[in-house]
Amino acid sequence: MTNAEIAAVLEQVADLLEFKDENPFRVRAYRNAARAIRDLTESVAAIAADDGERLLAIDGIGKAVAEKVATLARTGHLPQLTELLAEIPESVLAIMRIPGIGPKKAAALYHQLGVKTLDELKQACEAGRVRELKGFAAKTERTILDGMTLAASAGQRLYWAEADQIAQELRGHLQGCAALEQLELAGSYRRGRDTVGDLDLLAVAGEAAEVMDRFAGFPGVASVLGRGDTKMSVRLSSGLQIDLRIVPRESFGAALQYFTGSKAHNVFLRGLAKQRGLKINEYGVFRVDGDRETYVAGATEEEVYGALDLPCFPPELREARREFEWAQAGELPELVCREDLRGDLHTHTLETDGRDTIEEMAEAARRRGLKYLAITDHSQRVTMAHGLDPQRLLAQWEQIDRLNEQLGRGFTLLKGIECDILEKGGLDLPDDVLAQADWAVASIHYGQRQPRDQITKRIVDALANPHVCCIAHPTGRLLNKREAYEVDMDAVFAAAARHGKMLELNSNPMRLDLDDVACAAAKSYGIPIVIATDAHQTESLDDLRYGVLQARRGGLTKADVANALSWPQLKKRLGIGSEKK
DNA sequence: GCCGTTTTCGGCCCGACTGTTTTCAGTCG
């Protein structure tokens, strides 16, 4: 079983225990364990099979969960889950996902009305039976019915890039309000997660009501979900929820820290504060002395973390993974930034499925401050994209040679190729052609649903080819659309490390592949990461920023990123440690 | 169920808002 699958089982156990009104800390323990496993770079099943004791070393996994993970890894099933499901139908969990319905209300519906499914719930609401229950009334029925249509129509997370666009529009809209003094976006958007579920806005305002009125007037607002003195929530017609909090100036940093999260990061931070006789909430850091609380800090995030002798963590690292450990050791990485990148190593042109010419791509890259650009059109197997056979490829490379002469110093076009890894294994172009490339990436477009061993072998074999520099979009995932291939990433990392090869972090906002966790794993193997756009048109060269965000989330520094090197340096590096001399 | 510079028991982050209540439970983030 994969880490994601094991984590999903533990999450389901947590959901069911919550429904049963079990000890909330026990529920949290299962959720923490699930998160720890999801964040793990090694296969937890492999660890369990290899040495059960090592499971206990993972933060958040104790004796009980370790045994359950071992059982899952061995048999693929968890008796505890089977027993819970015999008691509670799985379909009630869907009811808990309706906004406003939590475990208590779902349990009341199930036990008192026998409601097991969303359909039954809808009927019960329409028949007016729900309002008869204690704690429910007509308004709750309405909320449930609204929530159900919403759950059916929306619920999908936005790509970070989409969220960013709305965020910028919101910022522009609110800045037209005279009462606004300070504004920042927080939440998973600020942490740079690959997808964003909702937006969190934070403001300091002379007059909160004025900012809230302005907020309600944001184009696309379909309904106001709630509005108090300091907090307001709206839903856009697209289904996206946006929360606005108005805080006092002296609390802005504390609120920003608080609402940036992650939740796990905050829980850990608050625990640290408590040990020191401090309390942190969204209003600040307070010294607790009996019943008296004295404000210590809160205007800026630096102050808040500083009160605990901690560095102001970059938001991308705030996931309760390694950041506190790094801070304690004084080893917080200095994360890579967009300005560190000197070239783009995965782009397409009109010659295959791109939209612009080589010259246009080169000019756009130069305008963006890049010093080199690899043209990596598709190889012949990708017929839909009119992929290049050896003859057309060699002709393109001749053209690149000529263009380089015209471009002169200061910018270099690289003769590249995105060579397909064929379904039956092996590469789509002969070695003598690949040998003439400056830069060859290999990738899978066909046979994505092959079994684990087969697809892993294809990638591992491609890494062994002396002319291949890098594997592009190594897992093939498409956010919200397609899961990663069944690929043994540990085997891929080991092979890349063995052959001195690189792995791509594809910056397309719908891919972001490798993801943050895989980037961290690759780093632990010493594998250089290539942050590349896979641009099919000039504007997409801007996508590097999305890749950079993921790289930062993976804890990568400039030194971990191959295209932070100049082309001569990179070229030298390609010769070292690989069979390509 | 996890964890340990309050260490094998007894804690476990904290507050806003809503709806349903007449003082608070439930939900959410």
Side-chain angles (χ1 to χ4, degrees), chain A residues 10 13-14 17-19 21-36 55-69 80 95-109 130-144 147 186-189 191 196-202 208 212 224-233 235 241-247 251 254-255 257-286 288 293 304 308 320 328:
Chain A
L10 295 176
V13 169
L17 291 176
E18 194 170 34
F19 183 87
D21 199 20
E22 274 278 350
N23 178 350
F25 298 108
R26 188 174 172 224
V27 173
R28 188 205 280 177
Y30 277 97
R31 295 204 199 285
N32 283 343
R35 190 177 54 82
L55 283 180
L56 291 170
I58 300 168
D59 229 14
I61 296 186
K63 199 155 166 282
V65 172
E67 275 173 21
K68 281 160 196 183
V69 168
Q80 181 192 18
I95 293 173
M96 276 162 62
R97 298 202 182 93
I98 297 172
I101 303 298
K104 297 285 197 308
K105 285 204 157 69
L109 290 165
V130 169
R131 70 184 67 182
E132 322 247 297
L133 298 182
K134 186 170 160 61
F136 292 76
K139 191 144 189 184
T140 315
E141 275 178 355
R142 192 70 252 159
T143 306
I144 290 172
S188 56
Y189 166 74
R191 299 201 309 282
V196 174
D198 59 20
L199 285 176
D200 299 290
L201 281 167
L202 216 59
M212 288 187 178
V224 175
L225 300 173
R227 177 170 170 168
D229 294 337
T230 64
K231 181 182 170 183
M232 174 168 167
S233 297
R235 195 179 297 284
Q241 183 175 334
I242 310 176
D243 299 329
L244 168 70
R245 297 287 290 244
I246 312 280
V247 298
S251 302
Q257 192 288 318
Y258 185 92
F259 289 106
T260 297
S262 65
K263 186 171 175 173
H265 176 93
N266 284 356
V267 167
F268 191 87
L269 188 73
R270 265 157 252 298
L272 289 181
K274 206 161 189 171
Q275 284 173 17
R276 294 179 168 221
L278 299 170
K279 185 176 92 172
I280 305 183
N281 57 27
E282 61 261 56
Y283 298 108
V285 183
F286 300 87
V288 182
E293 288 179 0
V304 172
L308 290 155
Q328 197 186 8

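The sequence lines fix the lettering, A, B, ..., with proteins before strands; numbering per chain opens at 1.
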Report the residue (Arg26(A) or Asn281(A)) whose heavy-atom-nearest nucleotide on DNA chain B is the more 5′ of the two.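 Its nearest nucleotide lies further toward 5', so the answer is Arg26(A).
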Asn23(A) near the nucleic acid: base, sugar-phosphate alone, or nothing, with a heavy-atom cut-off under 4.0 Å?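 Base contact - Asn23(A) has a heavy atom under 4.0 Å of at least one base atom.
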[X] side chain near [N] phosphate (N/O to OP1/OP2, under 4.0 Å):
X: Thr140(A); N: dT20(B); answer: yes
X: Thr230(A); N: dC17(B); answer: yes
X: Lys68(A); N: dG1(B); answer: yes
X: Lys134(A); N: dT21(B); answer: no

For Asp229(A), which residues count as a side chain to side chain contact (heavy atoms under 4.5 Å, CB included) partner, sequence neighbours excluded?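 For Asp229(A), no residue satisfies side chain to side chain contact (heavy atoms under 4.5 Å, CB included) once neighbours in sequence are set aside.
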For the side chain of Ala137(A), starting at C-beta, report the closest nucleotide among dT20(B), dC2(B), dG29(B).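 The answer is dT20(B), which lies nearest to the side chain.
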Distance in angstrom units between Lys104(A) NZ and dT18(B) P, rounded: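 Nearest whole value for this atom pair: 21 Å.
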Quick one, Val304(A) and Tyr258(A) - any side-chain contact, counting heavy atoms below 4.5 Å?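 Val304(A) vs Tyr258(A): side chains apart.
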Can you list the residues that meet the side-chain hydrogen bond (donor to acceptor under 3.5 Å, both in side chains) rule with Lys68(A), with sequence neighbours excluded?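 Counting only residues at least two positions away or on another chain, Lys68(A) forms a side-chain hydrogen bond (donor to acceptor under 3.5 Å, both in side chains) with Tyr30(A), Gln80(A).
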Is any side-chain N or O of Asp198(A) under 3.5 Å from a base N or O of dG29(B), one able to act as donor and the other as acceptor?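 Between dG29(B) and Asp198(A), which were checked side chain against base, a qualifying N/O pair under 3.5 Å is absent.
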